[in-house]
Amino acid sequence: MIEKKSRREFIKQTTLAGFGGIALTSLPGILPAGNIFLQDQSFFSCDPLPYAYDALEPYIDKVTMELHYGKHHQGYVNNLNKALVGINVDKLTLGRLCANVSKYNMTIRNNAGGHYNHSLFWSLMKPNGGGVPSGKIAEAINDSFGSFENFKTKFNDAATKVFGSGWAWLVVDANKKLQIGSTANQDNPLMDVSEFKGTPVLALDVWEHAYYLKNQNRRVDYITAWWNVVNWEKANELFLLGMK
Ligand code: MN
C-alpha cells in the first residue's frame, strides 16, 4: 500500500509498473472517499442513488433524475463493462482506469469517465443542501477566490462557457490549491489525457441531458438551481482528501 506518495509520484509509479504487477486497492490522494471508488472489481456497477428520484425537487426534477441515473449513468456502466471484455481488469479500480486512460480506447475513456463523473455527481448533491459551506473548504474558498460570492461567479462562468457537452469542476491541484476548470465530454481531472488536472471537490454535469427536460436551453437556470442541492459536507470531505 502506498500511503505517503504524492499524486504525481503515484501516477508515475503506476504508469511504470503497469497493471499486472501490483495489487493496490486504493489511490491515496487521488480518489474521493467511498467504496464505489475504492473497491477492487473486475466489472463495474452503479451504486444506489443516495436519495429518492424526487428528493432534489424543485431544483432538479424527478423525471430528469430517473432518466439521468437510470438510463444515462447505467448506459455508461453497461458500455464500459462491454468495452472491458477481453481486457485484463483484475484489480482495476475506476480511479486507476481514469488516471491511466490514455492506455485504453475512446469507448473506455468516454464510459469510464461517464461512470466516475456521475457517481461523484450524485454524491455531491442532497436534499436540503446548498447554502454556504463551512469548515476547511470554506476557508480555502475564501483564501483562493476572495469570497464565496466571487467563487460562485467564477464557477458559474466556467460551467456556462463549456461548449457543447462537458463538466465544470472545483479541484485541489498538484500544488494543493483550489482551481476551477472544465473538461469536455466525459473527461475528468483525474485523467492523464486531461489538460485540467486535480482531485475533484465539486462536479457539475452541464450536458443537456442533465437539464433539458426542465430548463430546455437555459443552462444558467439549471446551474442556479443546482447550488441549492450542493452537498457541502461531501465537498469538504473530498477537499480534505485532496489536501492530504
Ligand atoms: Mn450526465
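Every number for a ligand or one of its atoms is a count from 1 in the order of the listing. Every value quoted in this text rests on a predicted model; they were computed, and no experiment measured them.
Annotation: F239 is not in aromatic contact with W232 [ring centroid separation under 6.0 Å not met].
A salt bridge does not link K197 with D173: every distance from a Lys NZ or Arg NE/NH1/NH2 to an Asp or Glu carboxylate oxygen is 4.0 Å or more. Of the charged side-chain nitrogens involved, at least one lies within less than 4.0 Å of a carboxylate oxygen, so that E233 and K126 count as a salt-bridged pair.
When rounded to 10 degrees, the angle formed at the Mn ion (ligand 1) by NE2 (H118) and NE2 (H209) equals 140°.
Among the backbone and side-chain atoms of H68, an N/O/S atom is found under 2.8 Å from the Mn ion (ligand 1).
Cluster membership check: V171 shares its hydrophobic cluster with F148, using side-chain heavy-atom separations under 4.5 Å among Ile, Leu, Val, Met, Phe, Trp and Tyr.
Looking only at N/O/S atoms, D205 comes nearest to the Mn ion (ligand 1) through OD2.
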